[in-house]
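Worksheet: the structure to be examined is printed underneath.
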Amino acid sequence: MKKLNVFIIAFMVFVMTATAENLKPVKPTDQLRTEMIDLIGTTCPLEYNVKDCRATIFFTINSNDEIEILNIISKNKNAKPYFTKKLSNKKVSRPPYDVDQIYFLPVRLVNGYS
């Protein structure tokens, strides 16, 4: 019975380690980053009380070469719907990247309401 418990614990540690390895987000390639910035634009259309608006976008690319938004972190409550509308399900060029890899893109846009 003790050997079974040790085996189960060892198996669980192995599975958690293997799963966690796939969840480490990486920065996208320059080509992918440029394509995403072209889709977003460089001016922040959202009203914001500072000179720029910032967000971190976590996304993946599916097998159809479409962007899938996983999460958007920003102090601006309007950033999530804006970036989702601009990027979600938009096609990108053939991958120099891994399909289903999790990427993160820090974004800083200049405030359009200055």
Side-chain angles (χ1 to χ4, degrees):
M1 186 69 168
K2 187 175 182 179
K3 287 184 180 183
L4 181 61
N5 287 340
V6 171
F7 175 75
I8 290 172
I9 291 172
F11 181 74
M12 289 174 52
V13 169
F14 171 75
V15 169
M16 288 188 304
T17 304
T19 304
E21 188 65 32
N22 295 334
L23 297 179
K24 290 182 183 176
V26 297
K27 285 191 175 183
T29 62
D30 288 339
Q31 178 186 353
L32 181 57
R33 182 184 172 283
T34 301
E35 286 186 55
M36 292 186 67
I37 295 301
D38 288 343
L39 290 170
I40 296 170
T42 56
T43 304
C44 183
L46 308 171
E47 289 190 42
Y48 206 55
N49 58 0
V50 294
K51 293 183 180 178
D52 61 14
C53 51
R54 299 171 191 253
T56 301
I57 303 169
F58 291 87
F59 66 97
T60 187
I61 306 294
N62 66 19
S63 58
N64 295 328
D65 300 328
E66 297 172 338
I67 300 169
E68 291 182 11
I69 302 296
L70 302 175
N71 193 13
I72 298 170
I73 299 171
S74 177
K75 292 180 182 177
N76 189 337
K77 65 180 179 183
N78 297 322
K80 188 169 186 169
Y82 173 74
F83 288 119
T84 301
K85 178 183 170 191
K86 287 288 196 172
L87 295 174
S88 189
N89 298 318
K90 302 292 188 206
K91 286 230 181 226
V92 291
S93 65
R94 279 319 289 157
Y97 44 81
D98 296 328
V99 173
D100 293 329
Q101 169 67 49
I102 297 174
Y103 297 96
F104 74 97
L105 180 68
V107 178
R108 179 180 167 259
L109 303 176
V110 177
N111 191 342
Y113 288 99
S114 312

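- Without hydrogens or angle criteria, T56 side chain to P106 main chain gives no donor-acceptor distance under 3.5 Å.
- Taking CD1 of I72 as the reference point, atom OH of Y82 lies at 11.0 Å (rounded to 0.5 Å).
- Here E68 pairs with T60, N62 under the side chain to side chain contact (heavy atoms under 4.5 Å, CB included) rule; sequence neighbours left out.
- Closest heavy-atom contact between I40 and K86: O-CE, 3.9 Å.
- The CG atom of N71 sits 13.0 Å away from atom CZ of F59, with the distance rounded to the nearest 0.5 Å.
- The CD1 atom of I67 sits 9.0 Å away from atom CD1 of I57, with the distance rounded to the nearest 0.5 Å.
- Among residues two or more places apart in sequence or in another chain, the side chain to side chain contact (heavy atoms under 4.5 Å, CB included) test is passed with S88 by I69, T84.
- Taking a 6.0 Å sphere around CG of D38, one finds it holds more than 12 heavy atoms contributed by other residues, nucleotides or ligands.
- For the atom pair L105 CG and L32 CG, the distance stands at 8.0 Å (nearest 0.5 Å).
- Not one N or O on the side chain of K80 forms a donor-acceptor pair closer than 3.5 Å with the backbone of S74.
- A pairwise comparison of heavy atoms in K91 and N64 identifies NZ-O, 2.8 Å as the closest pair.
- N89 is linked by a side chain to side chain contact (heavy atoms under 4.5 Å, CB included) to E66, counting only residues two or more places apart in sequence or in another chain.
- Taking each heavy atom of E35 and S93 in turn, the nearest pair found is OE2-OG, 2.6 Å.
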